[in-house]
Amino acid sequence: QVQLVESGGGLVQPGGSLRLSCAVSGSIFSFNVVSWFRQAPGKQRELVANIASGGSTNYADSVKGRFTISRDNAKNTVYLQMNGLKSEDTAVYYCNADLLNSYSGYLGNYWGQGTQVTVSS
């Protein structure tokens, strides 16, 4: 029932910016930990950034200072602002979320289908 839909990917030149969105629908929920992962061709999926329920954030060393993860609870959406993009940022980006329910306590962990980010001149 719960769906995570990523959007905002595309082709961008080196040094450019993109903002990815992860819209969550299908259930009454609140966010616990929400993460962005990415998987480049021939590479394992890696954690890019996450944000906890209290607002604390973590970033992979490779994206610190360039990427920012944020939430808009009113829109049930998580964002990844990506600035100063490099060719090595090229990957499929996936949203992952632990969702809570005020009645049951925990809804589950969910993945989106991914959005392609390509950084190339």
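Position 1 is the first residue of the sequence; numbering continues from there. What's counted below: heavy atoms across the whole structure, side chains too, no hydrogens, waters or symmetry copies.
Taking all atoms of both residues into account, the shortest heavy-atom contact from Phe31 to Thr77 is CZ-N, 4.1 Å. Minimum interatomic distance between Tyr93 and Asp89 (heavy atoms only, all atoms of both residues): OH-O, 2.7 Å. When every heavy atom of Thr90 is checked against every heavy atom of Val119, the shortest pair comes out as OG1-N, 3.0 Å.
Within the 4.5 Å cutoff, no side-chain heavy atoms of Asn83 are placed close to those of Phe67. Residues Leu20 and Glu6 are not in side-chain contact: their nearest non-hydrogen atoms beyond the backbone lie 4.5 Å or more apart. Taking the side chain as every heavy atom from C-beta outward, Leu47 and Ser35 approach each other to under 4.5 Å. Considering only heavy atoms from C-beta on, Tyr79 stays 4.5 Å or farther from Thr68 through its side chain. In this structure, Ser121 and Pro14 have side chains that are in contact, with non-hydrogen atoms separated by less than 4.5 Å. Val117 places a side-chain heavy atom less than 4.5 Å from the side chain of Met82. Between Val78 and Leu80, the closest side-chain pair of non-hydrogen atoms is not below 4.5 Å. With a 4.5 Å cut-off on side-chain heavy atoms, Cys95 and Trp36 count as touching.
Atom CG in Asn109 sits 4.5 Å away from atom CG in Asp98 (nearest 0.5 Å). Rounding to the nearest 0.5 Å places OG1 of Thr115 at 8.5 Å from CG of Leu18. The CG atom of Asn101 sits 7.0 Å away from atom CD1 of Ile28, with the distance rounded to the nearest 0.5 Å. In this structure, the separation between OG on Ser120 and CG on Leu85 is 12.0 Å, given to the nearest 0.5 Å. Rounding to the nearest 0.5 angstrom, the gap separating the CD1 atom in Ile69 from the CG atom in Asn58 is 9.5 Å. One distance of note links CG of Leu100 with OG of Ser30; it measures 4.5 Å at 0.5 Å rounding.
Remark: Lys64 engages Asp61 in a salt bridge, criterion side-chain N to carboxylate O under 4.0 Å.
Connection of Leu99 to Val34 is established within a shared hydrophobic cluster, with ILVMFWY side chains joined at heavy-atom distances below 4.5 Å, either directly or through further cluster members.
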Candidate pair Arg38 and Glu46, rule side chain to side chain contact (heavy atoms under 4.5 Å, CB included), full reasoning: CA-CA 6 Å; Arg38 68 185 181 187; Glu46 64 175 347; 2.8 Å; yes
Under the side chain to side chain contact (heavy atoms under 4.5 Å, CB included) criterion, do Ser17 and Val12 qualify, and how do the steps go? CA-CA 7 Å; Ser17 298; Val12 64; over 6 Å; no
Carefully, step by step, assess Val24 and Tyr110 under the rule side chain to side chain contact (heavy atoms under 4.5 Å, CB included). CA-CA 10 Å; Val24 183; Tyr110 302 91; over 6 Å; no
Derivation of the side chain to side chain contact (heavy atoms under 4.5 Å, CB included) call for Asn76 and Phe29: CA-CA 9 Å; Asn76 294 331; Phe29 72 93; 3.7 Å; yes
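Atom CD of Gln39 has more than 12 heavy atoms from other residues, nucleotides or ligands within 6.0 Å. For Gln3, the CD atom counts as loosely surrounded, since its 6.0 Å shell holds 12 or fewer non-hydrogen atoms of other residues, nucleotides or ligands. No more than 12 heavy atoms of other residues, nucleotides or ligands lie within 6.0 Å of CD in Gln113, so this atom counts as exposed by the packing criterion.
Taking the six-membered ring where the residue is Trp, Tyr94 and Trp111 present perpendicular rings, their angle passing 60° and hence far from 30°.
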